[in-house]
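Each residue takes its place number in the sequence, starting with 1. Only a predicted model underlies this, so the values are computations on that prediction, with no experimental measurement involved.
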Amino acid sequence: MKNKKILWSLLPIFILLGAFGLYRSDAFPKRKEPIYIVVTVPGLDISKAATERSINAIQLYLDEVNATSGGVNGHPLKLVQKIDGGNTAQAEKVANEIVQEKRALIVLGNGWSGPATAIGKVFAANQIPAMTAGATAPSVTEGNDWFFRVLNNNNSQGNFIAEYASALFGYKTATIIYEDNAYGQSLAEAFEAAFKTQHGEIIDSSPVREKSESLTEDVQVILQSYAEIPEMVFLATSKASGAAAVVNLRNEYPDIAIIGGDDLGDAKFVESVSEYLGGKGSANIMDGIYAASPLIFDIANDRAQKFRSDYLEKYGETPTWFTATSYDSALVAVEAMRKAGISGDQDKLVEDRQKLRDYLDTVDRAEEGFAGLTGDIYFDDNHNFVQPMAMGLFESQQFISAPIQLTAINSGAVTKDIYDGLKTGDVIRLGTQYAYKTQIVYVGIDINEFKDLDIDNGHAYLADFYLWFRYQGNLNFDEIAFDNSVGDTSLGEPLQEKAFGDMNYRLYHIRDTFTNNFDLRNYPFDKQQLKINLRHTALERHNLIFVVDLLGLGDVTTRTTILQSLDQARAFAAINDWKPINGYFHADSVHEYTTRGDPAQFGEKIDIEYSRFNAAIEIQRDAIRFTSKTMLPVLCIIALAYLGLFLPGKEFETVTGIMTGTVLSVVFFHVDLSGRLNVGYTVALDFAFYVIYALLAIELMISIIAWHRSVIEGDDGKFVRRLFWLMRTLYPIVLIGGAILMIINYDISLVAF
């Protein structure tokens, strides 16, 4: 007996020694060496904003990948920061350091055109793939097989701005103020060439330098030198120079239109103007200024809306388009690693670099593109992501989509639709190309209440909310409808209708039942979305785009603020079993593939795209409440069955009676709960019942064995007692272990709502 006690006391030590031995013998896989991704940034002393946004956005994506999939091929992703100083000399020095270190698979960042062009040559010579999220000068990627850009270059941007100014506003004269660097020079040249193509005249084109001690005086000299007052001024500048230009332009020529390049195309430009004014408000100065941008969040897809909310909550500031393109650069790099088939091992770094570059070079169509925040990212012959840019407008300290956008028509010939559009003014001619004038409709929603949730069976819910629209021109509201309304899909009569200058406003009060295709596979540990989907049934996306009304919604556009708004409105006061955990307001598109009976389309369906506004409130079922209300009787029955294990094996009839009653009761509850769900697939709760059935079957089998050994064979009971003790131990272990696995797998909160 004493020896047995000694052996039992030594058992844990034997187990630990055995586990250590297995680890040392490579029985368990070891953590692989990281894949190094380098980001080059100007540095906090040169540009705190550009540095932090680039690093934060890239790190955010790498953290997501490491957390969800452990990196690439088991290799964690590690970000290495390098400071390039925002100048060519230091950038080249840093690029050579990266080459000498021999660990970077790809280099991201490179946000400024001058330094990016310089380091690109070093990387090309040493065959290291690189990707920029902000450097837009054409020279960055032209002639460089190893450099890629996840946004437009200045050639396409300059063309877009010139065409917009000429075609939509009819401007015939313009002046240019540009930054005296690669970015400003290339953007100014592209705008000037395109504006002249549109039969416009450039009266003056003058450079400025943001670091000049006499920046204000330099701008004033330029403005006072105008021999003729232009209709518009184009600013191809940085934010600092742009702020000086805007303030002095408003003082000197308050009525001249101002359009800026993409560096001015985000809400942070408002802060730059305020800083130039010494902290004073800039609302009156900024209102009415236009600027181009690769991404404006009120018109962005749902991926971008989630990113905006996540970034704001983590870093405490609203992301800009450069933040989003930095995130996209990391996304493209990592997804390309996966698809290129790299090994991730440092001894195969040269081979992996080549594979990565070669794969990126093959992604030359949108259909093969990477699903980024700015769209489906692919690359043209010069490794640019050519996408339709957006034109934004500053209003009430916000940067929002301009009321009219241009959507290029990809048609080799002048079709009847284009010809008809030219006559009605819905289509305009841009040199040798054509474009739709796309109406922007700002949509806002204020949710009052959700009730009558029938997610499990009827898949429906009642929603009460206010819905408003702001727009220019005319809009047929009879053709605006809800996609997922159970009853009347139309808006009905407006509650209010007003005009504010050239903007129209309509307010509706909606109380209706909506439906959604709920996925109940995780029932009762599921999360669902209560959606409200709205679109125009006649106008396609190139005619009309719904965007989120950031001005009307104020700060109620992120997860936290949407949840706070729902809480203040007591929107879920009538619902006890669900809790809102997230919320999104975003625009997207819906597609119809049809010939519409058009003989010209027979044999090939066309893709018809409509813009759609979406409000989605994510809710989570209260698993604790469900268990206490619904599963408590089942748990009591299981406990009764467990007590049957403490009866003697000879009490077979008693045990059998308990087991029969338990099985029938559990089956009854299972059938009843399954009958509440209007689905045709297995849900999480079914698996829980399968485990219970297995336990009951084992218990019944053990009872039969115990009866046979005790009654038929006349066993002394020693074996039976051991058998029952085994089952008494196994029973709670299986149940408790299963409960723990469900809590972990379905992320169940143990705190009641």
Side-chain angles (χ1 to χ4, degrees), residues 68 302 306 450-463 484 486 513-533 559 563 566 571-584 614-639 641 662-697 734-753:
T68 57
D302 54 344
K306 183 180 184 303
F450 283 110
K451 65 181 299 187
D452 298 339
L453 262 68
D454 185 7
I455 289 177
D456 300 342
N457 193 287
H459 301 177
Y461 46 93
L462 185 141
N484 62 329
V486 174
T513 300
F514 295 83
T515 186
N516 190 21
N517 294 321
F518 297 116
D519 186 350
L520 294 168
R521 286 179 174 82
N522 291 340
Y523 173 87
F525 316 114
D526 49 331
K527 300 174 184 178
Q528 305 295 346
Q529 285 193 346
L530 305 180
K531 294 183 177 181
I532 300 169
N533 302 327
R559 173 185 179 275
L563 292 180
L566 292 172
F572 283 80
I575 300 169
N576 296 318
D577 296 334
W578 295 85
K579 176 186 177 181
I581 59 172
N582 214 336
Y584 301 107
N614 309 276
I617 306 300
E618 187 175 10
I619 57 177
Q620 183 175 29
R621 195 188 302 266
D622 186 347
I624 302 299
R625 183 187 295 271
F626 174 87
T627 302
S628 62
K629 286 173 54 179
T630 308
M631 293 297 292
L632 187 58
V634 177
L635 296 176
C636 291
I637 293 170
I638 295 172
T662 299
V663 171
L664 290 176
S665 299
V666 172
V667 170
F668 171 79
F669 276 102
H670 189 188
V671 172
D672 178 62
L673 290 173
S674 298
R676 301 180 188 181
L677 305 181
N678 185 17
V679 296
Y681 46 78
T682 302
V683 301
L685 188 64
D686 292 326
F687 293 106
F689 275 102
Y690 297 156
V691 172
I692 294 172
Y693 293 147
L695 279 175
L696 295 177
V734 172
L735 290 177
I736 295 173
I740 292 173
L741 286 175
M742 282 194 167
I743 290 172
I744 296 173
N745 187 49
Y746 296 106
D747 192 22
I748 300 170
S749 174
L750 298 180
V751 180
F753 288 170

Asks: Of L632, I638, I637, which meets side chain to side chain contact (heavy atoms under 4.5 Å, CB included) against V634?
Replies: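 Of all the options given, the one that passes is I638.
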Asks: Between atom NZ of K579 and atom CD of Q620, what is the distance when rounded to the nearest 0.5 Å?
Replies: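 K579 atom NZ to Q620 atom CD measures 8.0 Å (nearest 0.5 Å).
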Asks: What's the spacing between E618 CD and L563 CG if we round to 0.5 Å?
Replies: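 Answer for the CD-CG pair, E618 versus L563, is 10.0 Å.
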Asks: Residues two or more places apart in sequence or in another chain: which of them pass side chain to side chain donor-acceptor pair (under 3.5 Å) with Q528?
Replies: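 Listed in chain order: D526.
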Asks: Considering all heavy atoms of both residues, which atom of G583 and which atom of I617 are nearest to each other, and what is their separation?
Replies: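 Between these two residues, the closest heavy atoms are CA-CD1, 4.1 Å.
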Asks: Check whether any side-chain N or O of T515 sits under 3.5 Å from a backbone N or O of V486 as a donor-acceptor pair, and report yes or no.
Replies: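 Not confirmed, T515 side chain does not pair with V486 backbone.
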Asks: Is it true that a side-chain atom of D622 and a backbone atom of I624 form a donor plus acceptor pair closer than 3.5 Å?
Replies: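 Checked: pair present.
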Asks: Under the salt bridge (Lys or Arg N to Asp or Glu O under 4.0 Å) rule, what pairs show up with a residue in residues 668-678, not counting sequence neighbours?
Replies: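 Of all non-adjacent pairs touching residues 668-678, those that pass salt bridge (Lys or Arg N to Asp or Glu O under 4.0 Å) are D672-R676.
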Asks: So, taking the atom named CG in L530 and the one named CD1 in I619, what distance separates them when rounded to the nearest 0.5 Å?
Replies: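 Output value for this atom pair is 4.0 Å.
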Asks: Taking the six-membered ring of Y681, is NZ or CZ of R521 closer than 6.0 Å to its centre and within 45° of its axis?
Replies: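 So R521 does make the cation-pi contact.
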Asks: With sequence neighbours excluded, tell me which residues meet side chain to side chain donor-acceptor pair (under 3.5 Å) with D686.
Replies: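 Testing D686 for side chain to side chain donor-acceptor pair (under 3.5 Å), a comparison that skips the adjacent residues, returns H670.
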Asks: Got a second to check how far L677's CG is from N457's CG, nearest 0.5 Å?
Replies: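 So the gap between those two atoms works out to 8.0 Å.
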Asks: Quick check: does any side chain N or O of Y693 sit under 3.5 Å from a backbone N or O of V663, one acting as donor and the other as acceptor?
Replies: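 No, the answer is negative, given that no donor and acceptor are paired below the 3.5 Å cut-off.
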Asks: Which atoms form the tightest heavy-atom contact between R621 and P524, and what is the distance?
Replies: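 Where R621 meets P524 most closely, the heavy atoms are CD-O, 3.2 Å.
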Asks: Could you pull out all residues at least two apart from Y584 that satisfy side chain to side chain donor-acceptor pair (under 3.5 Å)?
Replies: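 Y584 satisfies side chain to side chain donor-acceptor pair (under 3.5 Å) with N582 only.
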Asks: What do the steps show when you test Y461 against I575 for side chain to side chain contact (heavy atoms under 4.5 Å, CB included), and what is the final call?
Replies: CA-CA 11 Å; Y461 46 93; I575 300 169; over 6 Å; no
Asks: Stepwise, does the side chain to side chain contact (heavy atoms under 4.5 Å, CB included) test hold for F669 with I692?
Replies: CA-CA 12 Å; F669 276 102; I692 294 172; over 6 Å; no
Asks: Spell out, as yes or no, whether a donor-acceptor pair under 3.5 Å connects the side chain of D577 to the backbone of R625.
Replies: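 Between the backbone of R625 and the side chain of D577 there is no qualifying donor-acceptor contact (under 3.5 Å).
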Asks: Ring centroids only, cut at 6.0 angstrom: are F450 and F514 within range, meaning strictly under it?
Replies: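 No, they do not, as the ring centres are separated by 6.0 Å or more.
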Asks: Mind checking what makes salt bridge (charged side-chain N to carboxylate O under 4.0 Å, His left out) contact with D454, not counting sequence neighbours?
Replies: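 None.
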Asks: Show your working on side chain to side chain contact (heavy atoms under 4.5 Å, CB included) between L520 and I455 and close with a plain yes or no.
Replies: CA-CA 9 Å; L520 294 168; I455 289 177; 4.0 Å; yes
Asks: Can you find a heavy atom in the side chain of V679 that is under 4.5 Å from one in the side chain of Y523?
Replies: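 No, too far: nothing below the 4.5 Å cut-off.
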Asks: So, using salt bridge (charged side-chain N to carboxylate O under 4.0 Å, His left out) as the criterion, who are the partners of K451 when residues are at least two apart?
Replies: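 Checked K451 against salt bridge (charged side-chain N to carboxylate O under 4.0 Å, His left out); zero matches.
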